[in-house]
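In what follows, a structure is listed as structure tokens, so that the remarks can point back to it.
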Amino acid sequence: MEPELETARVFFALWPDRKVRVALSAWQPCLHELCGGRAMRAVTLHTTLVFLGEVATHRLEALQLAAREVEAGSFGLCMDTARYWGHNHIVYAAPSSLPPELSGLVAGLEDSLRRHHFRFDRRAYKPHVTLARNAKWTDAPLPAMPPVHWPVGDFALVQSVPDGGRADYRVLARFPLRASGG
């Protein structure tokens, strides 16, 4: 019988600073009043870039190497729309337009992960920040929210750790993006 490999549940994400987290969490009371559900804790708000799931801990160094190989520039992201996904009952913040730098970052990260033989979720990229889970809403548009301007200068490798029935997140490493115009 082979010994069981130690693994970590990981993903790459845009991890906002405190100012952006506070601005995004300010949307939650209004949306909770309309849709109910369980508001996400402000410290957990993020935008997933690529979800890998369980990765052997001895491969985390190689995963960081793959991320360092990504060539991408910094950019601004404007979260300006609240939306609802009925299939998984979440309310989320989303940008009304996708910066090309963000698409390039995701594509570059996926290419590097493939070269390093990592498996990851392959699906059309739809940037969002989950604000509430177990929400209920219709197909009707949610009310307009004040735009949240997010200057993105890096991305992170994050580990999801179970904590009393909910997920807690640990930023394992950050990877700077090159300055705009550089």
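Just so it is clear, the structure is predicted and the values come from calculations on it, not from any experiment.
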Measuring only between side-chain heavy atoms, which start at C-beta, is L63 closer than 4.5 Å to F12? yes
Could you check V20, V129, T48, L105 and say which one makes a side-chain contact (heavy atoms from CB on, under 4.5 Å) with L14? L105
Please find the pair of heavy atoms, one from Q28 and one from M40, that lie closest to each other, and give the distance. NE2-O, 2.9 Å
Would you call R170 and V161 a side-chain contact if the rule is heavy atoms closer than 4.5 Å? yes
Decide yes or no for P95 and M79: does some side-chain heavy atom of the first lie under 4.5 Å from some side-chain heavy atom of the second? yes
Do Y84 and D139 come within less than 4.5 Å of each other through their side chains, counting heavy atoms only? no
Flag side-chain contact, heavy atom, 4.5 Å: Q159 against Y169: no
Kindly check if the number of other-residue, nucleotide or ligand heavy atoms within 6.0 Å of CZ (R123) is above 12? no
Can you tell if the side chain of E71 reaches within under 4.5 Å of the side chain of R178, non-hydrogen atoms only? yes
So, the side chain of Y92 versus the backbone of W85: is there a donor-acceptor pair under 3.5 Å, distance only? no
Ignoring hydrogens and geometry, is there a side-chain-to-backbone donor-acceptor pair from D154 to L177 under 3.5 Å? no
Is the ring centre of H89 less than 6.0 Å from the ring centre of W137? no
For A132, is there any backbone N or O sitting under 3.5 Å from a side-chain donor or acceptor partner on T130? no
Test side chain to side chain contact (heavy atoms under 4.5 Å, CB included) on F11 and L49; report intermediate values, then the result. CA-CA 7 Å; F11 59 95; L49 297 170; over 6 Å; no
So how far is it from E110 CD to D121 CG, rounded to the nearest 0.5 Å? 10.0 Å
Check the pair W150, T47 against side chain to side chain contact (heavy atoms under 4.5 Å, CB included), reporting the backbone distance first and the verdict last. CA-CA 11 Å; W150 181 352; T47 296; 3.4 Å; yes
Would you indicate whether R122, at its atom CZ, is surrounded by more than 12 heavy atoms from other residues, nucleotides or ligands within a distance under 6.0 Å? yes
Kindly check if the number of other-residue, nucleotide or ligand heavy atoms within 6.0 Å of CZ (R119) is above 12? no
With a 4.5 Å heavy-atom cut-off, do P143 and L34 have their side chains touching? yes
Flag the pair F155 / W15 as yes when their ring centroid distance falls below 6.0 Å, and as no otherwise. no
Could you check whether any side-chain heavy atom of M145 comes within less than 4.5 Å of a side-chain heavy atom of L31, counting everything from C-beta outward? yes
